[in-house]
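Read the structure below first, then the notes.
Here is how names work: the chains are called A, B, and so on, in the same order as the sequence lines, proteins then strands, and each is numbered from 1.
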2 protein chains.
Amino acid sequence: MTNTGRSPARPVQLDEVSKAIIEQLQVDGRRSYADIGKAVGLSEAAVRQRVQKLTESGVMQIVAVTDPMQLGFTRQAMIGVRASGDTREVAARLAEIPEIDYVVLTAGSFDVLAEVVCEDDAQLIALLNERIRSIPGVQSTESFVYLMLQKQFYNWGTVRNRES
Amino acid sequence: MTNTGRSPARPVQLDEVSKAIIEQLQVDGRRSYADIGKAVGLSEAAVRQRVQKLTESGVMQIVAVTDPMQLGFTRQAMIGVRASGDTREVAARLAEIPEIDYVVLTAGSFDVLAEVVCEDDAQLIALLNERIRSIPGVQSTESFVYLMLQKQFYNWGTVRNRES
DNA sequence: AGTGAAACGACCGTAGA
DNA sequence: TCTACGGTCGTTTCACT
């Protein structure tokens with residue numbers, strides 16, 4: 001459910017062809033293997049094998065991503081959380097909240113960072129007061145409301161249902 | 001290149017079937033339209049039409065996402081930036097840095113938040129000193145180094161080549 | 001790890017409810 | 001906006017390099 005246990009140990013070394021395949025799929029995840037093959041100079045079967053390995057090994061995933069703005073979630077913010085006790089517990093509790101789509105434990109003046117996606121200010125305020133500050137161990141929060149998204153690229157963790 | 005101009009105006013209202021289709025594609029972006037149709041109770045052509053509309057309207061995108069950890073990017077951090085002058089300029093400069101995959105202008109005690117993905121501490125330190133703090137207008141930065149990612153779900157902005 | 005060929009299944013356009 | 005259907009193209013399997 002959450003994304004503990006991200007294994008690397010030794011990083012995967014990709015050749016230029018695999019990188020090119022990933023770049024193609026970053027533009028269009030449904031592009032046919034045959035088309036990709038033409039672009040990178042490989043047969044369709046070879047592309048398919050590489051894509052399968054990349055996805056099975058967990059290096060890459062092909063998924064649908066949605067635009068919160070277009071779906072009416074007009075208020076986004078990063079919440080810095082200062083917590084006492086086991087910060088992993090606090091992070092786990094934050095991860096249970098559906099309006100929160102990103103939770104990370106950090107070293108620095110915050111213990112946890114969480115990104116919230118809300119429909120309006122009222123929802124954001126209610127979320128902060130009723131469901132975030134009430135979590136045991138949460139000492140204080142600081143909000144950074146998003147004004148304008150400048151750049152976003154997708155790495156990944158758990159890419160799954162966001163039951164809102 | 002960057003993601004200015006994200007138009008909503010009026011949010012798209014999705015019915016339950018379209019939501020179900022998106023959920024299917026969030027698990028596997030290459031699932032066949034026929035399979036999705038069986039799961040949501042629609043014909044292959046109907047699913048195809050809906051997916052086309054969702055992608056053309058920009059509500060949804062099907063793309064490949066990669067795991068930075070498995071690719072050897074073991075140091076990630078959120079950088080809070082305090083800036084003077086036009087913070088959009090600073091954000092634009094930050095967005096040009098390939099190791100930075102996320103830039104957002106915020107209201108709060110930071111003017112800009114940027115997420116960096118690095119191979120090691122040395123790269124992170126060099127990045128901060130040589131390329132972030134040297135940007136005109138940057139007054140101070142504060143780093144929150146990631147210890148453990150707890151939850152991550154994909155919304156989207158620009159999903160494009162990350163030339164590293 | 002790669003290619004090529006044949007069988008199969010998915011995708012696309014169009015017609016019609 | 002949906003279903004139905006046929007042509008085309010992509011995918012799969014397998015034998016081979």
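DNA chain C contains the following stems of three or more consecutive Watson-Crick or G-U pairs, with both distances under 3.5 Å: C:3-17 with D:1-15.
Summarising the geometry, the separation between CD1 on B:I21 and P on D:dT1 is reported as 12 Å, rounded to the nearest angstrom.
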query: Can you give one letter per nucleotide of nucleotides 1-17 of chain C, 5' to 3': B if a protein heavy atom sits under 4.0 Å from the base, S if only from the sugar-phosphate, - if neither?
result: SBS------SSBB----
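Side-chain contact, B:S109 with A:E142: a donor N or O sits under 3.5 Å from an acceptor N or O. No side-chain donor from either of B:Q61 and A:Y154 sits under 3.5 Å from a side-chain acceptor of the other.
The closest side-chain heavy-atom distance from A:Y102 to B:E115 is below 4.5 Å. Using a 4.5 Å heavy-atom threshold, the side chains of B:M69 and A:N155 count as separate.
Using a distance-only test at 3.5 Å, with no hydrogens or angles considered, a donor-acceptor pair links the side chain of B:T74 to the main chain of B:E119. At distances below 3.5 Å, not a single donor-acceptor pair connects side-chain atoms of B:Y146 with backbone N or O atoms of A:V104. Of the possible polar contacts, none joining the A:Q76 side chain to the A:P68 backbone as a donor-acceptor pair under 3.5 Å is found.
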message: As a quick check of understanding, evaluate salt bridge (charged side-chain N to carboxylate O under 4.0 Å, His left out) for A:R48 and A:E44, giving each step before the final call.
response: CA-CA 6 Å; A:R48 183 157 36 84; A:E44 181 274 328; 3.0 Å; yes
